[in-house]
Visitor: 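This is the structure, below, for whatever I ask next.
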Protein chains: 2
Amino acid sequence: MARRSDRPTLRTIAEITGLAVTTVSRALLDAPQIALETRQRVQRVAREIGYQPDRAARHLRTGRTNVISFVLDPHDELLGFSTSMISGLTRALRDTQYHLVITPHFAEAPTLDPIEYILRNRTADGVVFSRTEPDDPRVKLLVENDFPFVSHGRTDLGIEHAFVDYDNAGFARMAVERLVAKGRRRLALILPPQRFTFHRYLRDGFLAAAAENGVEWELPAEINLDSSAADLYAWLGWRLEQPAPPDGVVCAGEVSALSIMAALSDRGLKVGEDFDLVVKQTSQLYDEVRPRVDAVYEDIAEAGELLGRLLVRRIAGEPVSALQHLQEPIPRFADRSHGTRAAVGARQSA
Amino acid sequence: MARRSDRPTLRTIAEITGLAVTTVSRALLDAPQIALETRQRVQRVAREIGYQPDRAARHLRTGRTNVISFVLDPHDELLGFSTSMISGLTRALRDTQYHLVITPHFAEAPTLDPIEYILRNRTADGVVFSRTEPDDPRVKLLVENDFPFVSHGRTDLGIEHAFVDYDNAGFARMAVERLVAKGRRRLALILPPQRFTFHRYLRDGFLAAAAENGVEWELPAEINLDSSAADLYAWLGWRLEQPAPPDGVVCAGEVSALSIMAALSDRGLKVGEDFDLVVKQTSQLYDEVRPRVDAVYEDIAEAGELLGRLLVRRIAGEPVSALQHLQEPIPRFADRSHGTRAAVGARQSA
DNA sequence: CTATATATTTATAACGTTATAAATCCGGGG
DNA sequence: CCCCGGATTTATAACGTTATAAATATATAG
C-alpha cells in the first residue's frame with residue numbers, strides 16, 4: 001500500500017488546484033502575499049487529501065530539523081527519571097512542530113560526544129541535558145557554537161544560559177528542619193558525586209540549616225548517591241558501630257534511600273522510632289514503601305515540560321535571561337494519609 | 001562557528017580530489033565500478049575532513065530514513081521499564097546506521113495513532129512497540145502495509161510476525177512451585193488487564209501449575225496490575241477479612257507488589273512467615289526491599305536489545321519465522337545473600 | 001484610456017544525495 | 001593506425017521543499 005508514489009506532495013495539490021507548486025507552498029505557510037481565498041482553498045484541499053509536508057525535504061531546504069534532542073544519561077536509568085523527563089518533554093512538544101529524539105550515551109561521566117555529534121551532524125535544532133556540572137564543558141561548547149539548549153541544572157561558569165533546576169538547597173533545609181522537629185540531633189547527608197552542581201546546593205542548604213538549628217552533622221565521604229546498593233548498605237552498618245552515629249539521614253535519591261532502609265531494618269532499627277530519614281521523592285514509589293518515610297517531592301515530568309517549553313522559546317530567539325526556572329520542593333511528610341497525592345502544583349513559568 | 005557553509009559535503013571532497021560528485025558518492029559507497037585506488041583516496045580525504053553524509057538529503061533521495069521508532073506507552077512509566085528498553089535498543093543500534101526515535105502516545109489503551117503517523121509520514125524504516133494484544137490492530141495495520149516491525153509480546157492473529165516475548169507462563173509456573181514449596185495452599189494471581197496477550201499466558205501457566213500441585217487458587221477480578229495503589233491495597237485488606245483468604249500471591253508487577261506488601265505490613269502480617277509473595281522483578285529495586293521477597297527476573301534491557309537486533313534483520317529482508325525470541329524467566333529467590341546480582345544470562349538469538 | 005502602483009502568482013534555482021545513462025579512457029587485435 | 005570492449009568516470013536528473021526574483025493580473029490615479 002501507500003507506496004512512495006501515492007503520497008501526496010505539493011505537486012499533487014498544485015495539479016488539483018491548477019496552481020504552481022510555489023503558490024501552494026506559500027499558501028500552506030499562510031503567506032500574506034497569497035490571496036486569502038487561495039490560501040483557504042489550498043489548505044482545504046491539503047486537508048482533504050491528507051497532505052503532510054516531507055520533513056527531510058524541509059530540512060534539506062531550510063536547514064532546520066524541527067527536532068529537539070534529549071541527551072539521555074544512563075545513570076538516570078532507575079525509577080523512571082528519564083521516562084518522566086521524556087513524558088514531560090513530549091507533553092511540551094506535542095503541539096509544536098518539534099519532534100523529540102533521544103540521543104543516549106554510555107560513558108560513566110557526562111561526555112561531550114553526543115553534543116559534538118549533534119553539532120557536527122546538525123541532527124537537532126536544540127538540546128536538553130541533565131546532570132549538569134559547575135564547569136560543564138557541554139555548556140561551554142554549546143554557547144561557543146551559539147546553539148540553543150536548556151540544561152537541567154545550573155552552572156558556575158559566569159555564562160548566562162537557559163536552565164531548569166530544582167531548589168536543592170531548599171530541599172535540604174526542609175529536610176533538616178523536619179528531622180530536627182522529630183528530635184534528631186546528628187544528621188548525615190548523602191550527597192551526589194562532587195562533580196555535579198547540585199552537590200553544592202544540597203550541601204550548602206544542609207549546612208546552613210544544621211547550623212541554624214544547632215545540630216551535629218556529617219557529610220560521609222566514603223559514599224554518594226551513585227554508590228552501589230551494597231556500598232551504601234555497608235557504610236551505614238559500619239557507621240552505626242562507630243562512636244556518635246547519626247540518628248537521621250537526608251537522602252536525595254530514592255534507591256539509595258532503600259539501601260539505607262534495608263541496612264536499618266536488617267539491624268532491627270525502626271524508622272520513626274530509633275532513626276529518621278527524609279528522602280527526595282521523584283516517583284510514586286514511596287507512597288507504597290513501609291515503614292512510611294518522610295519525603296520531599298521533585299516533579300521530574302514537570303521539569304521535562306519546562307525544559308521543552310523553554311527550549312522552544314530559546315530557539316525562537318528569546319533571550320536566555322527570561323528562560324530560567326527554579327522548581328520548588330514540595331513536602332510529603334509521612335503523617336499524611338495513605339494515597340494522598342497532594343495537588344502537585346503545575347506552576348508556570350510562561 | 002561551523003556555519004552551514006563550512007560543513008563538508010560530497011562537493012567539498014570532489015573539489016579536493018578533482019573528481020566528480022557522482023564519483024565521490026560511489027567511492028564512499030565502495031561501488032566496485034570505481035577503481036580501488038580512487039575509492040581509498042576518497043575515503044581517506046573524507047575521513048580527514050570529517051565528512052558526514054547528510055541524513056536529510058539521503059532520506060529525500062533514497063526514501064530510507066535510517067530511523068527506528070519505539071512507540072512509548074505511558075503506562076510503562078514507572079520503574080524504568082521504558083528506560084531499560086531504550087537502553088537495550090540503543091545498544092543494539094549503536095553500531096548500525098540506525099537512529100532511535102521515541103514516538104510517545106498518551107491514550108489509555110494502546111492506540112493506532114502513532115503507527116498511522118509513522119506510516120503516513122514515513123518517519124521511520126521500522127517500528128517496535130510493547131503491550132501487545134491478542135488481536136492487536138497495530139500488527140494488522142503494519143502487516144497490511146508490509147512495514148517492518150517487531151512486537152514485544154505475541155498475538156493470536158494467525159499472522160506470523162517478528163516478536164520478542166517473555167515466557168510468562170514459565171514465570172507463573174515457577175512462582176507457583178516456589179509458593180507451594182514454602183507450604184502455601186491458597187494462591188492468588190494478580191493479572192494484567194485482560195486485553196493484553198500476557199494475561200492469558202500468565203493465567204494458563206498459573207492454573208496448570210496450581211492444578212498439578214493440587215493447591216487452591218483464585219484470580220481476583222476486582223483488580224489488575226494497572227489498578228491504582230490504593231485499590232490494590234484495599235483489595236487485599238478486604239480479601240484477608242473474607243473466608244478462605246489467600247496465603248500466597250503471584251504478582252507480575254513490581255509496584256503493584258509494593259502495595260500488596262504495604263497492605264500486609266499495615267495489618268501486622270509478615271512476608272515469609274504468615275504469607276508469601278513471588279514478584280516479577282524488572283529492576284534492581286527488590287534487592288533493597290525489606291522484608292526480602294522472592295522474585296523472578298525479566299531482563300527488559302535485553303528484550304530491548306533483541307528487539308533492535310531483530311528489527312534490523314527484518315528491515316534487511318529476513319523472513320519473520322527466523323525473528324522470534326522467547327526470554328527465559330530467571331529465579332532470584334530470597335534465600336540468596338544480599339547483593340547477589342546473579343549473572344543475568346546474555347543469551348543470544350543471533 | 002494610459003501610466004503606475006499594488007496584489008497576486010509563477011519560474012528558477014538550490015539544499016545534498018544517488019540512480020541512470022552516457023561519456024571517456026586505455027590496451028590490444030586487426 | 002583504427003576500432004572495439006572493458007574499465008572507469010561523469011553529466012543529468014530527480015527526491016520535495018522554499019527563497020529569490022521576475023512576471024502577470026488587477027486596481028487606481030491622472
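Throughout, a chain's letter reflects where its sequence line sits, starting with A, and its residues are numbered from 1.
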Visitor: Counting side-chain heavy atoms from C-beta on, which of D:dT9, D:dT17, C:dT18 comes nearest to A:Y51?
Guide: D:dT17

Visitor: Classify the ring geometry of A:F81 against A:H152: parallel below 30°, tilted from 30° to 60°, perpendicular beyond 60°.
Guide: tilted

Visitor: Using atom CZ of A:R11 as one end and atom C1' of D:dT18 as the other, report the distance to the nearest whole Å.
Guide: 17 Å

Visitor: For A:L19 and D:dT24, give me the distance from atom CG to atom P, rounded to whole Å.
Guide: 17 Å

Visitor: Hey, which of these two, B:A57 or B:R26, hits DNA chain C nearer its 5' end, going by closest nucleotide?
Guide: B:A57

Visitor: In terms of side-chain heavy atoms of B:T38, which of D:dT18, D:dT9, C:dT9 is nearest?
Guide: D:dT9

Visitor: To the nearest angstrom, how far is A:Q52 atom CD from D:dT17 atom C1'?
Guide: 15 Å

Visitor: Hey, are A:R122 and B:D54 close enough for a salt bridge, meaning a charged N less than 4.0 Å from a carboxylate O?
Guide: no

Visitor: Counting C-beta onward and ignoring hydrogens, is there a side-chain heavy-atom pair between A:T123 and A:V101 closer than 4.5 Å?
Guide: no

Visitor: Of the options D:dT17, C:dG16, C:dT8, whose atoms approach the side-chain atoms of A:Q33 most closely?
Guide: C:dT8

Visitor: Would you please test A:K140 and A:E144 for salt bridge (Lys or Arg N to Asp or Glu O under 4.0 Å) and show each step?
Guide: CA-CA 6 Å; A:K140 282 190 213 155; A:E144 269 169 28; over 6 Å; no

Visitor: Please tell me which of B:T22 and A:S25 maps to the more 5' nucleotide of DNA chain D, matching each residue to the nucleotide holding its nearest heavy atom.
Guide: B:T22

Visitor: Counting just side-chain N and O atoms, does A:R58 come under 4.0 Å of either OP1 or OP2 of D:dT18?
Guide: yes

Visitor: For a 4.5 angstrom cut-off between non-hydrogen side-chain atoms, does A:D73 reach A:H105?
Guide: yes

Visitor: Given atom CZ of A:R55 and atom P of D:dC15, what is their separation to the nearest angstrom?
Guide: 21 Å

Visitor: Any donor-acceptor pair under 3.5 Å joining the side chain of B:R61 to the base of C:dT18?
Guide: yes

Visitor: Rounded off to whole Å, could you give me the CD1-to-P distance for the B:I34 and C:dA19 pair?
Guide: 12 Å

Visitor: A:R64 has an atom CZ; how far is it from atom P of D:dA19, in whole Å?
Guide: 11 Å

Visitor: Starting at the 5' end of DNA chain C and moving along, which residue's nearest nucleotide shows up first, A:A35 or B:L10?
Guide: A:A35

Visitor: From CD of B:E15 over to P of D:dT10, roughly how many Å is that when rounded to an integer?
Guide: 14 Å

Visitor: Let me know the distance between CG of A:L60 and C1' of D:dA14, rounded to the nearest Å.
Guide: 12 Å

